[in-house]
Number of protein chains: 2
Amino acid sequence: MLSERKRKILCAVVDGYISSAQPISSKEIQQQYMLDCSSATIRNELSALESMGYLIQPHVSAGRIPSELAFRFYVDQLMNEYQLTSHDVEIIRKYFSQRIVTLEDVMTAVMHIISEITDYTSVVVKEDMSDKITAIKLLDLSNGKLLVVIVTDARLLKDGVVEIPEGADERTLQQAEKWLNKLFVGKHVSEFVNFNYTYTLANSQFSQFNALFKKIIDVLKKVSLENGLDVETYGQHKIFQHSEYSDVHSAQRFLSEMEQKVKIAQMFTNDGGQQGSVTIKIGESDNAPAGCSVVSTRISLGENVSGSIGVIGPVRMNYKKVVTVLDKISDLLIDIIK
Amino acid sequence: MLSERKRKILCAVVDGYISSAQPISSKEIQQQYMLDCSSATIRNELSALESMGYLIQPHVSAGRIPSELAFRFYVDQLMNEYQLTSHDVEIIRKYFSQRIVTLEDVMTAVMHIISEITDYTSVVVKEDMSDKITAIKLLDLSNGKLLVVIVTDARLLKDGVVEIPEGADERTLQQAEKWLNKLFVGKHVSEFVNFNYTYTLANSQFSQFNALFKKIIDVLKKVSLENGLDVETYGQHKIFQHSEYSDVHSAQRFLSEMEQKVKIAQMFTNDGGQQGSVTIKIGESDNAPAGCSVVSTRISLGENVSGSIGVIGPVRMNYKKVVTVLDKISDLLIDIIK
DNA sequence: ATTAGCAGTCTAACCCTTCGAGTGCTAACA
DNA sequence: TGTTAGCACTCGAAGGGTTAGACTGCTAAT
């Protein structure tokens, strides 16, 4: 448990680093945040926080920067409120006062608002849940491969080819087919983006077919991403405003990452938080891209459509502001989407 | 008219600069491209080409780089054939051997192929021509504004608000409405992306309403872009592979540009070249973004859908390769799309 | 018309120094 | 025991100066 003073100092470092992108020195903390002890005392505390893993010293004659652990602690316990500025509110007003007719319009507006206010790349993921699976068929292509056909309500079929596992005769394949249908029919295609197969498969009676099922579910995942999911981003150029992307390499990495829509979708849709609560992923340990954080919230977009909105940006992100903006937009969406 | 030797030298400079991104020296040309005269002679020729506007010398002790004029001349007259490498062919094979079902699949594959082979950002624009305009209505909102409602076959209506011009009474507005209907009904929404109003309007009998019509057409343009047009890009991160974007500023400019889908659509769809012929825009004078070139070709995607595919990248682009790839893909598409 | 040779120019790279910011440690102090 | 002043030390960023070398333009000879 951290002492009150340590918490205060840690918060000062994180806040300061978020706004300046520079290592924070003991003097700076004393002058700007706490006046009741000397910089030497703060140095001692900083040193302690560093050995606890919360702070990092880029080099010996520099101040401290927060570790990912510190950011995690910050968003969970230290972060205080952010008040939307009149400028922020004006941006929201501007977009929502435009004529908005379709769901597309809404989402485009939301993306632009979020990106403009926060200066991060905004992401909208839309999951169309209306397309239900009506049947799964396995077709032996008699060259050692199996054609998996997934039939759905709306579009006739989606398919993929997988290897037939060793020692699978016709009868076992039929059984497998039966089992697959039992498991999947009636479900929405987009439910499989984040399907965690280890559990389900470990308990199935077809453990020798694990590899096959895994592949089939991969086909489902692919299909669900390509058909049931719509990923849009806006404000990729905003990353250049942040000093962590001032070198070309990290910028390139970020952009490559952003073009992998599948990955993006997963980051924004999994561990489904409830509407109204904001999920924050910090760094690779949270399955965000290296050096990046993902802040998102789930939204409902009508009968059979749900989704996520959020931003992706450097770990040194203005979480307060982002969370507040997402909350606000989320509230507004509830009013707008009937 | 340029002498044969000047053409040869100019071609050498352009080819050399395209592949090295470095100013080309007289010595280099002599060694690599022509052995039948000395570097001093080439220096004289280079000097002449510079004063003709084809070459630029970054500083006095550097070689020459081609001007945009030179690139224009190169693509029109000098450029020789490019042979697809086996690696290129392999990439095409890889993507087209995947199961491709929908038009979406095709276009995604095409985008990836083009970007992977060329290392530039690829763009696909799809214009859905099935949505025809059935009527245009003007509604006086009696606050000095006019609601323009565009009714189409498919989706009920699209609208926008414009100011009523000075001195427009009810009767003239009715006339204007009539004229608008005569002009637009039966046309496809997406025809207006590149509608050039100056000509049409200059010859209309409503010259005093030019501003109004202009706005209405802007609404149509906006509508057609938002509804009838689909712009997708892939490989934005590829720009970092090219030295002109090794500084953060130009990279940012490029990305901002790429996020303006409207502009992109216009660059790829206008002055409608025929399928099978590749259009090359070089630099701002050709309405490409500053420092950029746009290479595109029109394709047919079925009954009521047409579009463009192409790349956008630095003016120092490997035009040979890009043109060849686009030609190839264009041919393949003709086979695939029925 | 072409070419060898040479003086002149400019960049890129490297090294060196300096400046200042910030720390850790020590010893004194409450 | 916790806090603080003082100081030596470290390290990076910035600036200046030098050097090496890449090319050119010009001149004069062929």
Side-chain angles (χ1 to χ4, degrees), chain A residues 1-10 12-14 16-17 19-67 70 243-244 246-248, chain B residues 1-10 12-14 16-17 19-67 70 243-244 246-248:
Chain A
M1 205 48 223
L2 290 181
S3 71
E4 188 54 34
R5 191 168 68 187
K6 281 203 177 58
R7 292 169 62 96
K8 220 166 156 183
I9 289 175
L10 185 55
V13 174
V14 178
Y17 183 66
S19 67
S20 76
Q22 296 296 320
I24 306 300
S25 72
S26 56
K27 203 170 147 196
E28 212 174 324
I29 296 174
Q30 189 208 14
Q31 288 175 347
Q32 300 203 1
Y33 298 88
M34 9 198 342
L35 305 136
D36 50 345
C37 66
S38 78
S39 66
T41 308
I42 296 173
R43 272 204 291 286
N44 288 333
E45 295 284 51
L46 287 174
S47 187
L49 285 166
E50 182 174 356
S51 60
M52 294 165 81
Y54 289 111
L55 296 179
I56 294 164
Q57 204 172 15
H59 55 87
V60 69
S61 75
R64 304 302 207 294
I65 62 175
S67 66
S243 55
E244 26 279 282
S246 59
D247 70 303
V248 182
Chain B
M1 207 47 221
L2 291 181
S3 71
E4 188 53 35
R5 190 167 68 186
K6 280 202 177 60
R7 292 169 61 96
K8 219 164 159 186
I9 289 176
L10 185 55
V13 174
V14 177
Y17 184 66
S19 67
S20 75
Q22 297 296 321
I24 306 300
S25 72
S26 55
K27 203 170 149 196
E28 212 174 324
I29 296 174
Q30 190 209 12
Q31 288 175 346
Q32 301 204 359
Y33 297 88
M34 8 196 344
L35 305 136
D36 49 345
C37 66
S38 78
S39 66
T41 309
I42 295 172
R43 274 204 290 286
N44 289 332
E45 294 285 50
L46 287 174
S47 187
L49 285 166
E50 182 174 356
S51 60
M52 295 166 82
Y54 289 112
L55 296 179
I56 295 164
Q57 202 171 16
H59 55 86
V60 68
S61 74
R64 304 300 207 292
I65 63 176
S67 66
S243 55
E244 26 279 281
S246 59
D247 70 303
V248 181

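By convention in this document, chain letters (A, B, ...) are assigned in the order of the sequence lines, proteins followed by strands, and residues within each chain are numbered from 1.
Separating the CD atom of B:Q31 from the C1' atom of D:dC23 is a distance of 13 Å, rounded to the nearest angstrom. In this structure, the CG atom of A:N44 is 15 Å from the P atom of D:dT1, given to the nearest Å. The interatomic distance linking A:K27 (NZ) with D:dT4 (P) rounds to 17 Å, in whole Å. Distance B:I42 CD1 to D:dG25 P: 13 Å, rounded to the nearest Å.
Qualifying side chain to side chain donor-acceptor pair (under 3.5 Å) partners for B:S20, counting only residues two or more places apart in sequence or in other chains: none. When the side chain to side chain contact (heavy atoms under 4.5 Å, CB included) test is applied to A:Q31, the partners found at least two apart in sequence or on another chain are A:K27. For A:S246, there are no side chain to side chain contact (heavy atoms under 4.5 Å, CB included) partners at least two apart in sequence or on another chain. By the side chain to side chain contact (heavy atoms under 4.5 Å, CB included) test, A:S243 pairs with A:A21, A:R316, sequence neighbours left out. Remark: B:E45 engages B:R5, B:K6 in a salt bridge (charged side-chain N to carboxylate O under 4.0 Å, His left out) (not counting sequence neighbours). Listed by chain and residue number, nothing satisfies the side chain to side chain donor-acceptor pair (under 3.5 Å) test with A:S67 (two or more places apart in sequence, or in another chain).
Across all strands shown, B:S26 has heavy atoms under 4.0 Å from sugar-phosphate atoms exclusively, and none from any base.
Near-neighbour residues of DNA chain C inside residues 47-56 of chain B, defined by a heavy atom below 4.0 Å, are absent.
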N/O contacts under 3.5 Å, protein versus nucleotides 16-22 of chain D?
none

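The stretch residues 29-38 of chain A participates, sequence neighbours left out, in no salt bridge (charged side-chain N to carboxylate O under 4.0 Å, His left out) pair at all.
Counting heavy atoms from C-beta on, the side chains of B:L55 and B:L10 come closer than 4.5 Å. Side-chain atoms of A:V13 and A:L46, non-hydrogen and from C-beta on, do get closer than 4.5 Å to each other. In this structure the side chain of A:S26 never reaches within 4.5 angstrom of the side chain of A:I29, judged on heavy atoms.
Taking the C1' atoms of five terminal pairs at each end of the helix from C:dA1-D:dT30 to C:dA30-D:dT1, the two resulting helix axes are inclined by 20°, rounded to 10°.
Using a 4.0 Å cutoff to heavy atoms of chain B, the contacted part of DNA chain C runs 5' to 3' from C:dT2 to C:dT11.
In this structure, B:E45 and B:V60 both approach DNA chain C, and ranking their closest nucleotides by distance from the 5' end singles out B:E45. Remark on DNA chain C: of its neighbouring residues B:R43 and A:L46, the 5'-side contact belongs to B:R43, judged by nearest-heavy-atom nucleotide.
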Exercise answer: donor-acceptor pairs, residues 47-54 of chain A side-chain atoms, under 3.5 Å, sequence neighbours excluded:
{"unit_1": "A:E50", "atom_1": "OE1", "unit_2": "A:R64", "atom_2": "NE", "d": "2.8"}
{"unit_1": "A:E50", "atom_1": "OE1", "unit_2": "A:R64", "atom_2": "NH2", "d": "3.0"}
{"unit_1": "A:S51", "atom_1": "OG", "unit_2": "A:A48", "atom_2": "O", "d": "2.8"}

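The CZ atom of B:R43 sits 11.0 Å away from the SG atom of B:C37 when rounded to the nearest 0.5 Å.
Across A:I56 and A:P66, no two heavy atoms sit closer than the pair CD1-O, 4.4 Å.
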